[in-house]
Amino acid sequence: MSDRFAALQREHLGNLQRFYDKTLETLGYDGVMIYSGSPALHFGDDQHASFCSYGHFQHWTGQATLAHSWLFIQPGQRPVCYFHAPDDFWHLPPRLPDQAWTTQLEVVTTREVVPPVPKAGRLAVVGDVGEAIAQRLGAECNPSALLAALDEGRVRKSDFEVACMGEANRMALRGHRAAREAFLAGGSELDLQLAYLQASRQRESELPYGNIIGIGRHAAVLHYQHYAADEPTSRHSLLVDAGCRHRGYCADITRTWPGPDATSLFTDLIAGMHALQQRLAAAVAPGVDFVDLHEEMHRLLGALLVESGLVRGSVEAAIEAGITRAFCPHGLGHLIGVQVHDVAGRTAADGSPLPPPPQHPALRLTRELEPGMAVTIEPGLYLIPMLLSPLESGPAGRLVDWGLVDHLAPHGGIRIEDNIVVTPDSARNLTAEIE
Ligand code: GLY
Ligand code: MN
Ligand code: MN
């Protein structure tokens, strides 16, 4: 076996099995079936949508696009993977990869789409299945207590998972470099996307999320989803928020660059945001409350807005008036793993909900940081007309320099995002240590 992650993956699977054994026993289940899922058909058509396997299936196998497959986990037993490889002359059936999980688990290759019916007492089934499948299996369908416990089991990453995310970061950064070079050469957003995919060695349907490649004003659209094919007529800025997967595990990296038409104020703001982002990244450590860190982002952003002349008055007044929230309406970051926005960010370890503060509804992570958590740190500063315009006519209007807002608007915005793992006494920045 040429799998350089083999020893780490075996250790990961051993820990995972102990965790499942304990969880199933605690909740009184004799087994759980985990479905990988299957791609949807376009309505009235014979073409499938692109597909991503269920997170709990990936947690065991790292297989991000394996459809119609199942895992059967029973306490104290070797887990079984029913690996779907149909006889098919239209498509190439999936083949088992040269990876440690294929020997650690018992793998049964199956041509059937219908699930095997395991013999077990009290059984649960989790995944994108309906009641009909659950009844056929004689299983409880997606029981909430079990799902919450399994989600919690994904929060603290093993060494294997961290190594996979490190590799995903390495490949994503190759893509980022290629996209920037294509921008400097005058390429369109589509050219940049194609350069990114080529350099990071992935097809578009395998990305962990749709890459965000915004030139100029498009950088102000948080999840900008198009790739303009025409060469840009002005090049004030480039924002690339783009990722990669390695064995299911995601990278989620953002870089913002000034273009040849950038003004010095915008270039200075990028430098200010970079320093701010590094400060927040350096603050990641066990015991830090992520809501507090998010609020610190607003204080630092307020200070940058005042220092640059965009906002007049005190930082406190800018926060109080909602000005920093209009410039940055998203959260500081989120958990990351086999899902880019990983599970359990707003649920405490005991299962109780931790909703975001009412003034920060978009914050996806509201927990205290613990060793093993992998998070993104991604502060932003944007010129979003639909958020800034309403301020102009209200009491906050006199605190903003609207001339500078107009001056900056063609640059769209800035986001800088790294992926960070909390260690027992501080943190590792997986992105910065490769870059
Ligand atoms: N790429 C989406 C995000 O940063 O959360
Ligand atoms: Mn992110
Ligand atoms: Mn991102």
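No hydrogens, no waters, no symmetry mates; every other heavy atom, side chains included, goes into these values. One-based numbering, in listed order, for ligands and for the atoms of each.
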Sub-4.0 Å atoms of ligand 1 with respect to non-hydrogen atoms of [X]:
{"X": "Tyr209", "result": "1 (N)"}
{"X": "Glu417", "result": "4 (O)"}
{"X": "His341", "result": "2 (C), 3 (C), 5 (O)"}
{"X": "Asp241", "result": "1 (N), 2 (C), 3 (C), 4 (O)"}

Practice task
For His12 and His59, indicate whether the former's side chain and the latter's backbone hold a donor-acceptor pair under 3.5 Å.
Solution key: yes
Handout entry: Cation-pi check, Arg235 onto Phe183 ring (under 6.0 Å, within 45° of axis)
Key = yes
Practice task
May I ask you to check whether His334 brings an N, O or S atom to under 2.8 Å from the Mn ion (ligand 2)?
Solution key: yes
Fill in the blank from the handout: the protein heavy atom lying closest to atom 3 (C) of ligand 1 turns out to be Asp252 OD2, 3.4 Å
Practice task
Look at atom 4 (O) of ligand 1 and say which protein heavy atom is nearest, naming residue and atom and giving the distance to 0.1 Å.
Solution key: Glu378 OE1, 2.9 Å
Could you tell me whether some N/O pair between [X] and ligand 1 is separated by less than 3.5 angstrom?
{"X": "Arg415", "answer": "no"}
{"X": "Arg364", "answer": "no"}
{"X": "His223", "answer": "no"}

Handout entry: Presence of N, O or S from Asp241 under 2.8 Å of the Mn ion (ligand 3)
Key = yes
